[in-house]
Peer 1: 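Okay, handing you the structure first.
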Amino acid sequence: MNADTEGELGRLPDSQYVELAVEVFAMLADATRVRLILALKEHGELSVNRLAEVAGKSPAAVSQHLAKLRLARMVSTRHDGTRVFYRLTDEHATQLVTDAILQAEHALGGTPRHHHADAGVGE
């Protein structure tokens, strides 16, 4: 089997990855975690305290969300003395969140902003 065929098998309805994909969606089914991913997308790397400011949550609450995202391998860390900085592990969580926001625009009715000729996808 070549790599292309193997990759496509992961996208079939009976794939072993379907349940794992559901777990990914469950991980992203929280507004705070979505905000954290968007903040990391925008800034690249942030401390817990800065992420707490951006998300409007306490550092303790943000730490708990980041721990879950870290267990899901969506974020990784870098230590600088006693401070811990978080960054996205790869672009996939960002793409999922971006796609979900674009889909949410459809729920508002009318022509979504991303369908306007002068709008860039993901703006």
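Throughout, residue positions are numbered sequentially from 1 according to the sequence presented. This structure is a prediction, so every number in the text was calculated from the model and none was measured.
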Peer 1: Could you tabulate the donor-acceptor pairs under 3.5 Å formed by side-chain atoms of residues 25-34, not counting sequence neighbours?
Peer 2:
residue: Asp30; atom: OD1; partner: Thr32; partner atom: N; Å: 2.9
residue: Asp30; atom: OD1; partner: Arg33; partner atom: N; Å: 3.1
residue: Arg33; atom: NE; partner: Met27; partner atom: O; Å: 2.6
residue: Arg33; atom: NH1; partner: His65; partner atom: ND1; Å: 3.0

Peer 1: List the residues meeting side-chain contact (heavy atoms from CB on, under 4.5 Å) with Ser58, not counting sequence neighbours, and say none if there are none.
Peer 2: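 For Ser58, the residues satisfying side-chain contact (heavy atoms from CB on, under 4.5 Å) (neighbours in sequence not counted) are Ala60, Ala61.
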Peer 1: Identify the two heavy atoms, one from Val75 and one from Leu66, that lie closest to each other, and give their separation to 0.1 Å.
Peer 2: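 Smallest interatomic distance, heavy atoms only, reads CG2-O, 3.9 Å.
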Peer 1: Determine whether Val62 and Val54 make a side-chain contact, defined as any pair of heavy atoms from C-beta on separated by less than 4.5 Å.
Peer 2: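 Val62 does not reach Val54 side chain to side chain.
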Peer 1: Just wondering, do Leu20 and Val24 contact through their side chains at under 4.5 Å, heavy atoms?
Peer 2: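 Answer no - side chains too far apart.
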Peer 1: Out of curiosity, Thr94 OG1 to Leu40 CG, how far, rounded to the nearest 0.5 Å?
Peer 2: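 The distance works out to 8.0 Å.
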Peer 1: For a quick test of reading the model, state the closest non-hydrogen atom pair linking Leu88 to Lys41 and the distance between them.
Peer 2: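 That closest heavy-atom pairing would be CD1-N, 3.8 Å.
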Peer 1: Check side-chain contact (heavy atoms from CB on, under 4.5 Å) between Ala21 and all other residues, then give those that pass, not counting sequence neighbours.
Peer 2: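 In terms of side-chain contact (heavy atoms from CB on, under 4.5 Å), with neighbours along the sequence ignored, Ala21 is linked to no residue.
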Peer 1: How close do Ser76 and Thr89 get, counting heavy atoms only, and between which atoms?
Peer 2: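 That closest heavy-atom pairing would be N-OG1, 3.6 Å.
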Peer 1: For the atom pair CG (Leu96) and CD (Glu91), what is the distance rounded to the nearest 0.5 Å?
Peer 2: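 Nearest 0.5 Å value for the CG-CD distance: 10.5 Å.
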Peer 1: Cluster question for you: counting only ILVMFWY and a side-chain heavy-atom cut-off of under 4.5 Å, with indirect links fine, are Leu102 and Ile37 together?
Peer 2: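 They do not share one cluster, since no chain of ILVMFWY contacts under 4.5 Å joins Leu102 to Ile37.
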Peer 1: Among all residues two or more places apart in sequence or in another chain, which pass the side-chain contact (heavy atoms from CB on, under 4.5 Å) test with Thr77?
Peer 2: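 Thr77: side-chain contact (heavy atoms from CB on, under 4.5 Å) contacts with Arg70, His79, Val84, Tyr86.
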Peer 1: Could you state the interatomic distance from NZ (Lys68) to CE (Met74), rounded to the nearest 0.5 Å?
Peer 2: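 Reported value, rounded in 0.5 Å steps: 12.5 Å.
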Peer 1: Say you draw a straight line from CG of Leu36 to CG of Leu51; how long is it, rounded to the nearest 0.5 Å?
Peer 2: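 Going from CG on Leu36 over to CG on Leu51, the span is 5.5 Å.
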Peer 1: Can you list every pair that meets side-chain hydrogen bond (donor to acceptor under 3.5 Å, both in side chains) and has a residue in residues 44-55, with sequence neighbours left out?
Peer 2: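 Listed once each, the pairs are Glu45-Arg78, Glu45-Arg87, Arg50-Glu53.
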Peer 1: If I take atom OH from residue Tyr17 and atom CG from residue Leu12, how far apart are they, to the nearest 0.5 angstrom?
Peer 2: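 These two atoms lie 12.0 Å from each other.
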Peer 1: Residues two or more places apart in sequence or in another chain: which of them pass side-chain hydrogen bond (donor to acceptor under 3.5 Å, both in side chains) with Arg35?
Peer 2: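 side-chain hydrogen bond (donor to acceptor under 3.5 Å, both in side chains) check on Arg35 returns nothing, list empty.
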Peer 1: Would you call Leu38 and Ile101 a side-chain contact if the rule is heavy atoms closer than 4.5 Å?
Peer 2: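 They are in side-chain contact.
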Peer 1: Quick one: list whatever passes side-chain contact (heavy atoms from CB on, under 4.5 Å) with Gln95, sequence neighbours left out.
Peer 2: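 With neighbours one apart ignored, the set is Asp99.
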Peer 1: Between Val48 and Ser63, what is the shortest heavy-atom contact and its length?
Peer 2: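 Heavy atoms of Val48 and Ser63 come nearest at CG1-OG, 3.4 Å.
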